[in-house]
Peer 1: 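One structure, pasted below without further comment.
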Protein chains: 2
Amino acid sequence: MEVKAKTDKQSGLTDKVLKHFYFNEELSCAEVSDHLDKSIPLVAKSINELVAEGFVIEQGYAQSSGGRRPLKYSIKADALYIVAVAMDQLSVRIGLFDLLNEPIVAVQSFELKLLNNDEALKTLINYINKYIAASGIAKEKIAGIGIGMPGFINITEGINYTYLDANGQNLRYYIGEATGLPVFIDNDSSLIALAEQRFGAAKAEQEVMVINLGWGIGLGMIINGKLFRGYDGFAGELSHIPLSEGGALCNCGKQGCLEAEASMLAVAEKAIAGIKDGKISSLQHIVNYSARMAGDAIMEAANNGDHFAIDLLADAGYKIGTALAILTHIMNPQTIVLSGRGARVGKILLAPIQQAMNKYCIPRLVSNTRLKVSELGFDAELVGAAVLVMENYNKEKV
Amino acid sequence: MEVKAKTDKQSGLTDKVLKHFYFNEELSCAEVSDHLDKSIPLVAKSINELVAEGFVIEQGYAQSSGGRRPLKYSIKADALYIVAVAMDQLSVRIGLFDLLNEPIVAVQSFELKLLNNDEALKTLINYINKYIAASGIAKEKIAGIGIGMPGFINITEGINYTYLDANGQNLRYYIGEATGLPVFIDNDSSLIALAEQRFGAAKAEQEVMVINLGWGIGLGMIINGKLFRGYDGFAGELSHIPLSEGGALCNCGKQGCLEAEASMLAVAEKAIAGIKDGKISSLQHIVNYSARMAGDAIMEAANNGDHFAIDLLADAGYKIGTALAILTHIMNPQTIVLSGRGARVGKILLAPIQQAMNKYCIPRLVSNTRLKVSELGFDAELVGAAVLVMENYNKEKV
DNA sequence: AATACTTTTTAAAAAAATTTAAAAAGTATT
DNA sequence: AATACTTTTTAAATTTTTTTAAAAAGTATT
């Protein structure tokens with residue numbers, strides 16, 4: 001016998017309506033009823049409840065489309081706040097957003113090495129707690145903490161198999177206990193995909209592949225309008241598909257992985273090697289940079305027209321395009337979005353990627369697949385972390 | 001304003017219950033209620049209706065599990081019949097099945113060249129009509145005709161962009177008019193996947209990749225327990241992914257496609273070339289065979305231990321395995337099934353496929369992915385065609 | 001300007017689904 | 001063998017949801 005909370009049923013629709021307002025702009029009662037496929041009386045009841053509780057506000061009457069003018073409602077921006085955390089292998093960004101995804105406190109970032117760092121989890125929790133305390137926002141007003149992190153993550157168990165070991169404990173629960181707030185974690189690339197589908201370049205689309213161009217190359221898949229994770233949660237491992245026979249050695253142990261050939265880290269390494277080899281470029285100074293700093297410098301230089309940087313990126317782009325051709329053949333997506341850190345050089349990558357897809361894709365597939373550069377860019381992971389919290393939010397939580 | 005038939009709502013559950021009995025063995029009312037997540041009174045009403053109408057029969061009381069003995073029900077095999085048609089580029093098979101997937105009339109096959117054949121559609125319809133008439137089964141007892149066919153198929157529009165042109169008309173509607181029965185069409189590989197997930201090697205599994213080894217290499221994808229078709233319906237184009245730089249020329253115009261390197265047709269061509277080149281084998285006689293007959297002979301010989309045939313298949317298997325490694329990285333399926341015509345040499349292909357996957361997959365992915373050979377084999381497409389009909393069947397049809 | 005037709009919202013009535021209670025038919029334990 | 005506890009089925013009572021009707025507030029057309 002399942003113990004279903006009585007409110008579970010009753011407030012189920014109300015939560016859906018609330019989320020619908022979070023994900024959409026102004027809506028009338030009739031529109032919500034239509035979108036949610038629920039009768040108007042039911043939806044009206046939920047909306048009135050949300051208005052009474054201060055989650056939703058009336059926005060006045062809109063233009064008539066041939067009948068009575070609809071009364072529009074929208075989410076109340078300051079009804080709740082969300083803590084969003086975006087991590088990569090070396091650093092953490094944290095922000096506090098309202099329900100319109102506007103930052104309430106400036107996004108802060110700090111260094112945090114995940115690899116072989118036993119203190120990483122404690123440091124992270126400490127930083128989150130300080131950030132929330134400094135914001136002055138009452139915890140009751142915070143819907144939860146969303147965290148995007150690299151690594152193989154088991155969402156249901158809340159475990160990251162790669163980083164942030166909590167002695168095998170549930171990471172969500174552990175951080176939740178330490179912060180006193182509901183915590184939701186997911187893979188960084190998945191969250192970027194979520195952000196692009198909800199508020200970005202592939203809004204409301206059903207079949208979307210989002211490429212997370214960063215120090216590695218990630219893939220977040222939206223299938224049937226939902227994040228797809230595969231049977232064990234490991235789907236989207238685009239970066240380690242065998243691309244070229246006997247190519248560069250990847251840190252996964254194999255050869256010819258996309259990541260080892262075309263990630264921003266790989267580009268940076270090639271750039272440093274090239275300059276040491278006497279290549280002419282505005283990037284002479286990067287030889288002593290870390291690969292990571294070099295990566296940023298290369299993207300900057302490419303956007304400023306440096307030929308060497310552009311050539312390197314074009315080369316990476318062509319390889320990425322080859323992988324995207326494979327992906328397109330298998331998934332037949334509506335849109336492929338280039339997102340993440342590398343989106344800032346998206347325009348430079350676009351041409352060689354498209355070129356490779358033209359060559360390696362069946363014509364029918366190339367012509368139907370849209371290739372877009374993210375506008376969310378580096379913010380995508382933070383937005384996705386916020387979305388993750390709201391997707392899981394329950395008004396009447398335990 | 002949508003015109004929803006009033007019966008649509010009422011009989012909705014009854015149809016679901018009916019299908020549940022088609023896809024499952026004996027079930028009690030309580031079990032169905034549990035599976036369908038509907039209350040017992042509702043389910044009981046539907047079951048009683050189905051029993052009264054002769055779709056479902058009582059199977060007596062089962063063993064008690066500590067309380068009242070459950071009354072089991074099951075589908076009535078002869079309540080309905082299904083016409084299943086399985087096509088490839090050169091031939092058609094047709095069968096009449098009952099609701100237990102048992103053939104009522106022997107499966108017949110005949111030659112039908114699809115390419116550049118304006119008469120193909122008329123011939124097909126003619127054959128189907130004759131087959132049904134000869135069976136002596138009343139049309140009222142036939143749930144519909146399911147047809148699996150090669151080519152790019154738009155399910156919603158009912159159009160096959162590759163073969164069987166009905167002057168741009170809706171193929172489903174066209175055949176439906178000509179036969180007087182509801183018609184459902186789908187891609188052959190999709191139907192094979194459907195069969196494997198419903199009655200085959202991946203029964204009830206949610207994330208399954210089914211490889212259709214035939215004259216080409218097809219892929220049917222089950223994602224979230226449902227057939228996935230991609231945005232335009234062209235997902236699963238595994239056979240034309242760029243596998244090797246500058247390999248054999250494919251009839252799609254590109255080079256190095258999996259299909260051109262590892263399909264049964266490619267194997268047959270290699271075999272004929274090899275024998276002409278003086279290879280020792282029991283297959284000397286196939287030099288004058290068509291590639292298609294040669295393909296069958298090679299599979300036969302391989303199963304009889306012919307080294308040359310086994311080597312050729314092993315070679316093809318290794319290439320298929322490389323492609324499956326890529327597929328596994330992207331999709332992280334629970335199970336990969338080797339099905340279709342080539343399943344009869346599945347055991348021979350298994351080892352080289354697994355070998356390639358071991359080499360090219362991240363360890364975590366290989367160890368979690370099950371690789372199985374279909375037991376349905378060549379019958380899979382027919383079973384899938386029958387499933388297609390029943391999935392779309394409505395008791396109260398228009 | 002008046003009439004006819006829209007669309008949105010509110011309220012009342014009807015229908016559908018679930019919950020609760022009770023009966024039927026077992027098993028397990030003392 | 002009697003009692004206590006299960007599970008399945010049937011029936012009755014609620015609850016929930018949808019449908020229908022009506023009112024409110026517009027637009028378009030003659």
Peer 1: Quick one: stems involving DNA chain C, counted as three or more successive Watson-Crick or G-U pairs, both distances short of 3.5 Å.
Peer 2: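 Ordered by first number, the stems with DNA chain C (at least 3 consecutive pairs each) read C:1-30 with D:1-30.
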
Peer 1: Going by salt bridge (Lys or Arg N to Asp or Glu O under 4.0 Å), name the residues that satisfy it together with A/Lys372, two or more places apart in sequence or in a different chain.
Peer 2: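 Checked A/Lys372 against salt bridge (Lys or Arg N to Asp or Glu O under 4.0 Å); zero matches.
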
Peer 1: Counting only side-chain N and O atoms of A/Lys38, is one of them less than 4.0 Å from OP1 or OP2 of D/dT18?
Peer 2: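 Indeed, a polar side-chain atom of A/Lys38 lies that close.
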
Peer 1: Holding to side-chain hydrogen bond (donor to acceptor under 3.5 Å, both in side chains), I want the full list of residues that pass it with B/Glu205, two or more places apart in sequence or in another chain.
Peer 2: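 With sequence neighbours excluded, B/Glu205 shows a side-chain hydrogen bond (donor to acceptor under 3.5 Å, both in side chains) to B/Thr335, B/Arg370, given in chain and number order.
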
Peer 1: Can you tell me the distance, in whole Å, between the CD1 atom of A/Ile40 and the P atom of D/dT19?
Peer 2: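 In whole Å, D/dT19 P and A/Ile40 CD1 are 11 Å from each other.
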
Peer 1: Can we say B/Glu391 and B/Arg198 salt-bridge, meaning some charged N sits less than 4.0 Å from an Asp/Glu carboxylate O?
Peer 2: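 Judged by the 4.0 Å cut-off on N to carboxylate O distance, B/Glu391 and B/Arg198 do form a salt bridge.
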
Peer 1: Before accepting this row, confirm whether a basic side-chain N of the pair A/Lys72/A/Glu25 lies closer than 4.0 Å to the acidic partner's carboxylate O.
Peer 2: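 Salt bridge: no.
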
Peer 1: I need the OH-C1' distance between A/Tyr73 and C/dT8, as an integer number of Å.
Peer 2: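 After rounding, the gap between these two atoms is 10 Å.
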
Peer 1: Between C/dA17, D/dT9, D/dT18, which nucleotide gets closest to the side-chain atoms of A/Leu42?
Peer 2: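 Shortest atom-to-atom distance from the side chain points to D/dT18.
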
Peer 1: Can you name the residues that form a side-chain hydrogen bond (donor to acceptor under 3.5 Å, both in side chains) with A/Thr179, not counting sequence neighbours?
Peer 2: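 Partners of A/Thr179 by the side-chain hydrogen bond (donor to acceptor under 3.5 Å, both in side chains) criterion come out as none, since no residue qualifies.
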
Peer 1: Can you list the residues that meet the salt bridge (Lys or Arg N to Asp or Glu O under 4.0 Å) rule with B/Asp34, with sequence neighbours excluded?
Peer 2: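 Partners of B/Asp34 by the salt bridge (Lys or Arg N to Asp or Glu O under 4.0 Å) criterion come out as none, since no residue qualifies.
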
Peer 1: Whole angstroms only, please: what is the CG-P distance between B/Asp37 and C/dA16?
Peer 2: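 So the two atoms are 20 Å apart, to the nearest Å.
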
Peer 1: Provide, to the nearest angstrom, the distance between the CG atom belonging to A/Asp34 and the P atom belonging to C/dT9.
Peer 2: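 Atom-to-atom, A/Asp34 to C/dT9, this comes out as 12 Å.
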
Peer 1: Figure out the CD1/P separation between B/Ile47 and D/dT9, and round it to whole Å.
Peer 2: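 In whole Å, D/dT9 P and B/Ile47 CD1 are 8 Å from each other.
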
Peer 1: Tell me, please, which residues at least two apart from A/Glu53 pass salt bridge (Lys or Arg N to Asp or Glu O under 4.0 Å).
Peer 2: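 Applying salt bridge (Lys or Arg N to Asp or Glu O under 4.0 Å) to A/Glu53 gives A/Lys395.
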
Peer 1: List the residues meeting side-chain hydrogen bond (donor to acceptor under 3.5 Å, both in side chains) with A/Tyr22, not counting sequence neighbours, and say none if there are none.
Peer 2: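 Result, side-chain hydrogen bond (donor to acceptor under 3.5 Å, both in side chains) vs A/Tyr22: A/Asn101.
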
Peer 1: So which nucleotide from C/dT19, D/dT17, D/dT10 ends up closest to the side chain of A/Ser39?
Peer 2: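 Out of C/dT19, D/dT17, D/dT10, the nucleotide with an atom closest to A/Ser39's side chain is D/dT17.
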
Peer 1: Give, ordered by number, those residues of residues 23-33 of chain B having at least one heavy-atom distance below 4.0 Å to an atom of DNA chain D; if nothing qualifies, reply none.
Peer 2: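 Heavy-atom cutoff 4.0 Å gives B/Cys29, B/Ala30.
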
Peer 1: What does the list of N/O pairs under 3.5 Å between the protein and nucleotides 26-28 of chain D look like, with a distance for each?
Peer 2:
{"residue": "D/dG26", "atom": "O4'", "partner": "A/Gly67", "partner atom": "O", "Å": "3.2"}
{"residue": "D/dG26", "atom": "N2", "partner": "A/Gly66", "partner atom": "O", "Å": "3.4"}

Peer 1: With sequence neighbours left out, what residues match A/Phe23 under ring-ring contact (aromatic ring centres under 6.0 Å, His included)?
Peer 2: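 For A/Phe23, the residues satisfying ring-ring contact (aromatic ring centres under 6.0 Å, His included) (neighbours in sequence not counted) are A/Phe199.
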
Peer 1: When you measure from the side chain of A/Pro41, which nucleotide among C/dT9, D/dT18, D/dT9 comes out closest?
Peer 2: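 For the A/Pro41 side chain, the nearest candidate turns out to be D/dT18.
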
Peer 1: B/Asn187: which residues meet the side-chain hydrogen bond (donor to acceptor under 3.5 Å, both in side chains) condition with it, sequence neighbours left out?
Peer 2: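 Counting only residues at least two positions away or on another chain, B/Asn187 forms no side-chain hydrogen bond (donor to acceptor under 3.5 Å, both in side chains).
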
Peer 1: Could you tell me whether B/Leu71 contacts a base, only the sugar-phosphate backbone, or nothing, with contacts defined as non-hydrogen atoms closer than 4.0 Å?
Peer 2: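 Touches sugar-phosphate only.
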
Peer 1: How would you list, by chain and number, every residue that makes a salt bridge (Lys or Arg N to Asp or Glu O under 4.0 Å) with A/Asp379, sequence neighbours excluded?
Peer 2: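 With neighbours one apart ignored, the set is empty.
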
